[in-house]
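One structure below.
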Amino acid sequence: MSVDLMQNEADRLERMSGMLKRRGVILPAFEIHGGAKGLYDFGPVGGRLRNRVNQTWINHWLALGNIVELSCPTVTPYAVLEASGHVGEFSDFMTVCTKCEEASRADTLLEPSHPNPDALSKAELQTLLIQINPECPNCGEQAWSEVTAQNLMFNTTIGAGSSGRPGFLRPETAQGMFTSFPALLRHNRDRLPFGAIQVGKGYRNEISPRQGMIRLREFNMAELEYFINPYDPANHDFSPWSSTPFRLVADGKEEQKMTIQDAIENNTVRHDTVGYFMAQTYDFLVKVGIDPERLRFRQHESDEMAHYATDCWDAEIHGSYGWIECVGIAHRGCYDLEAHEKATGKTLRARREFSEPKIVEIDGWTMNGATAGPAFRALAGAVKKAVELLPAEATFPLMCQLESGEEIEVLPEHVKRLQRTETITGEWYIPHVVEPAFGIDRIIWHILDHAYDDESKDDDAYTVLRLSKHVAPVDYCVFPLFEKDGMGELARSLHRSLCGKAGVVSVYDSSGSIGRRYARADEIGVPHCLTVDHQSLEDQTVTIRDRDTGEQQRVGIADLV
RNA sequence: GCGGAUAUGGUGAAGUGGUAUCAUAGGAGGUUUCCAACCUUUUGUCGUGGGUUCAACUCCCGCUAUCCGCACCA
């Protein structure tokens with residue numbers, strides 16, 4: 001890109017940020033107190049926009065038919081996030097150069113000298129740091145402070161005083177959905193696949209939030225956890241996208257264009273549910289106004305993929321900050337449910353029936369509790385275990401070796417022959433999870449970026465926000481041509497009727513020339529303006545103006561309300 | 001977290017050691033009116049705390065925030 005173009009782009013970004021602030025779309029939070037880094041307000045226009053994006057997202061996934069919506073707490077006990085791996089993953093062990101005071105990650109410093117320093121504990125890192133004493137990447141000195149843990153999650157205490165338990169503000173919404181798995185399974189009457197969605201706030205105490213809304217300390221996210229049976233074929237219908245070329249950047253390769261079906265068949269996308277959600281994500285993003293020409297999917301390279309994931313694709317959107325990851329679609333395998341199972345001892349499994357029952361012949365020995373119990377007392381349990389391992393042809397008395405290595409004599413009266421046929425019709429398994437996770441703030445930023453147009457209308461600057469009608473914060477502006485002869489009254493009553501309709505937002509505006517009012521409406525992307533004029537008083541019709549074409553038609557008031 | 005730059009009406013900008021200018025937007029009143037028209041009027045303790053000074057928006061220091069590098073993060 002030439003220097004001129006970059007300057008144009010920067011100027012446009014500045015004009016756009018100014019407009020977003022002036023019109024109450026996005027503005028720095030707590031500004032009268034000096035502001036707070038990484039925190040933003042959605043203003044009177046933006047709040048509505050955010051809500052419509054969220055609602056469109058919810059509706060998009062509910063349309064799949066097997067999705068339920070949850071709302072889990074943002075305050076989360078320590079144990080939950082410890083089980084999920086966040087306490088470990090979101091902690092960085094930092095050390096500071098005592099000469100130049102540059103902070104570095106201890107594991108990064110030790111990377112040249114250790115195969116996997118990421119996996120080391122704080123104490124191990126400390127020992128190794130002293131042993132190796134690497135050079136400071138900033139000043140070259142070899143003098144490090146003590147290693148300290150820096151956690152990217154917000155700490156808090158749940159409860160007061162001595163009964164308070166440590167907790168965090170959640171760094172993602174997913175864990176609440178995993179810990180609710182038993183309720184979800186019951187709700188879905190034990191049948192997979194099904195999904196749970198949640199939109200809400202997440203918190204990460206980023207060291208350095210940057211680039212406007214791209215990295216925030218409190219952010220809006222929307223996640224779907226889709227639970228599948230890994231033994232079942234998915235049978236997704238890809239026909240709606242049979243002629244849609246997706247821009248795909250596969251693991252370290254150049255960008256290619258292909259249909260999602262082809263990508264799955266040639267194993268570029270390794271799992272068909274991941275591919276299906278990529279296609280659904282594409283539809284959603286286009287619906288809310290993302291330019292499909294500036295949307296691509298990039299596969300995580302094997303070394304950047306989270307350790308549990310088997311395939312992961314990011315939807316990246318191109319805007320003023322370049323290509324930005326806005327959605328992550330990860331196949332998480334059974335990692336999360338298994339982790340919570342291990343930590344709690346609770347079963348987080350679904351049942352699958354075998355296509356053919358397995359017949360198992362049991363022929364062997366077991367302990368006769370009535371005689372062996374008193375004989376072996378404390379050892380009885382170990383004896384039972386050992387006896388059940390013996391083959392059917394064993395004869396007693398027998399010197400039997402216990403697990404502990406101890407030998408003990410087992411007499412015939414201590415044992416019973418066990419012979420039966422068992423039919424096993426199925427098994428309990430840990431469902432796999434495919435998770436599309438959406439960064440709503442980043443998506444909203446790009447919706448605005450793609451919709452913002454201030455270079456139209458002759459040579460004069462004129463701003464139009466070409467928002468999709470699904471997300472436009474205001475549906476109608478109602479204008480009286482004059483505020484006299486009863487036009488004002490008629491316009492107000494039309495405005496109130498529109499506001500009374502479910503889900504419709506109307507704004508009444510009577511100040512300034514009609515052109516100025518159209519301009520104000522265009523700037524925040526109102527799709528339609530309704531103008532009450534002299535003719536309206538006679539025949540109860542108004543003009544309806546289209547934002548993007550400027551064309552007007554007459555419609556009856558009765559048809560609008 | 002480190003380095004550099006910046007902070008003036010709602011927005012975008014001038015400017016000066018003696019409480020401030022322009023454009024644009026907003027409110028009120030009026031003329032006019034279907035694509036940012038006109039007139040009158042109004043809207044600011046110049047980011048914040050401290051210092052220097054008779055006097056600080058202006059000079060100096062701290063803080064906070066914003067932007068750009070580096071680092072960090074997804």
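As the structure is a prediction and not an experimental result, all values here were calculated from the model. In what follows, every chain begins at residue 1, and chains take the letters A, B, ... in the order their sequences are listed.
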Roughly how far apart, to the nearest Å, are B:U52 and B:U66 at atom C1'?
28 Å
Of the options B:U33, B:C34, B:U11, whose atoms approach the side-chain atoms of A:R22 most closely?
B:U11
Gap in Å between the two P atoms, one belonging to B:G15 and one to B:U8, rounded
14 Å
What is the ring orientation for A:W57 with A:F438, classed by angle as parallel under 30°, tilted 30 to 60°, or perpendicular over 60°?
perpendicular
B:A20: pairing nucleotide in any strand, Watson-Crick or G-U under 3.5 angstrom
none
Test item: A:R442 and A:E325 side chains (from C-beta on) under 4.5 Å apart, heavy atoms
yes
Within this structure, what is the CZ-to-P distance between A:R15 and B:A13, rounded to whole angstrom?
12 Å
Could you let me know what B:U32 is paired to, Watson-Crick or G-U wobble, both distances under 3.5 Å, or none if it's on its own?
none
Roughly how far apart, to the nearest Å, are B:A20 and B:A74 at atom C1'?
46 Å
Whole-Å distance between B:C68 P and A:E14 CD?
11 Å
Paired with B:A65 by Watson-Crick or G-U wobble geometry, both distances under 3.5 Å: which nucleotide is it?
B:U6
Sequence-distant partners of A:Y226, ring pair (Phe, Tyr, Trp, His ring centres under 6.0 Å), two or more places apart:
A:F277
Measure from NZ on A:K21 to C1' on B:C67 and round the result to the nearest Å.
13 Å
Write down the distance separating the P atoms in B:A56 and B:G50, rounded off to the nearest Å.
13 Å
Checking side-chain polar atoms at under 3.5 Å, does A:D441 have a donor or acceptor matched by the opposite partner on A:Y40?
no
Rounded distance in Å - CZ (A:R215) to C1' (B:G1):
13 Å
Spacing of A:Y321 atom OH relative to B:A74 atom P, expressed in whole Å:
20 Å
Is the backbone N or O of A:V80 less than 3.5 Å from a side-chain atom of A:Q175, with the two atoms forming a donor-acceptor pair by type?
no
If the plane angle is over 60° it's perpendicular, under 30° parallel, otherwise tilted; pick one for A:Y282 and A:F246.
tilted
Can you check the distance between B:G44 and B:U31, where both ends of the measurement are the P atom (answer in whole Å)?
28 Å
Starting from P on B:A74, measure out to CD1 on A:I214 and report it in whole angstrom.
16 Å
Verify, without hydrogens or angle tests, whether A:H33 (side chain) and A:G35 (backbone) share a donor-acceptor contact under 3.5 angstrom.
no
For B:U45, which nucleotide in any strand shown is its Watson-Crick or wobble partner with both distances under 3.5 Å?
none
note: A:D509, atom CG; B:A25, atom P; distance rounded to Å ~ 13 Å
Watson-Crick or G-U wobble partner for B:G1, using a 3.5 Å limit on both distances?
B:C70
Looking only at atom C1', what distance separates B:C22 and B:C34, rounded to whole Å?
31 Å
When the ring planes of A:H432 and A:H331 are compared, do they come out parallel, tilted or perpendicular, using 30° and 60° as the limits?
perpendicular
How far, in whole Å, is B:G4 from B:U21 if one measures between their P atoms?
36 Å
Nearest heavy atom decides the nucleotide; on that basis, is A:E325 or A:G515 closer to the 5' end of RNA chain B?
A:G515
Looking across every strand, which nucleic acid part, if any, lies under 4.0 Å from A:F482 by heavy atom: base, sugar-phosphate, or nothing?
base
Residue pairs passing the side chain to side chain donor-acceptor pair (under 3.5 Å) test with at least one member in residues 551-561 of chain A, sequence neighbours excluded, are A:D533-A:R554, A:Q535-A:R554, A:T541-A:R554, A:T543-A:Q552
Classify A:Q552 by what it touches in the nucleic acid, base, sugar-phosphate, or nothing, heavy-atom distance under 4.0 Å.
base
May I ask you to say what A:T543 touches in the nucleic acid, namely base, sugar-phosphate or nothing, with a heavy-atom cut-off under 4.0 Å?
base
Quick check: on RNA chain B, is the nucleotide nearest A:L13 upstream (toward 5') of the one nearest A:I514, or the reverse? Name the residue that is more 5'.
A:I514
Whole-Å distance, A:R517 CZ to B:U32 P, equals 15 Å
Confirm from the modelled atom types if A:R516 and B:C35 form a donor-acceptor pair under 3.5 Å, side chain to base only.
no
Any side-chain heavy atom of A:L248 within less than 4.5 Å of one from A:W313?
yes
When both distances are under 3.5 Å in a Watson-Crick or G-U wobble arrangement, the nucleotide paired with B:A55 is none
Name the nucleic acid region contacted by A:G18, choosing base, sugar-phosphate or nothing; use a 4.0 angstrom heavy-atom cut-off, strictly under.
sugar-phosphate
To the side chain of A:S513, which of B:A74, B:U33, B:A13 is closest?
B:U33
If you measure from the C1' atom in B:A55 to the same atom in B:G17, how many Å do you get, rounded?
8 Å
Quick one: what's the B/S/- string for nucleotides 61-66 of chain B, heavy-atom cutoff under 4.0 Å, read 5' to 3'?
---SSS
Looking only at side-chain atoms of A:R204, point me to the closest of B:A13, B:A74, B:U32.
B:A74
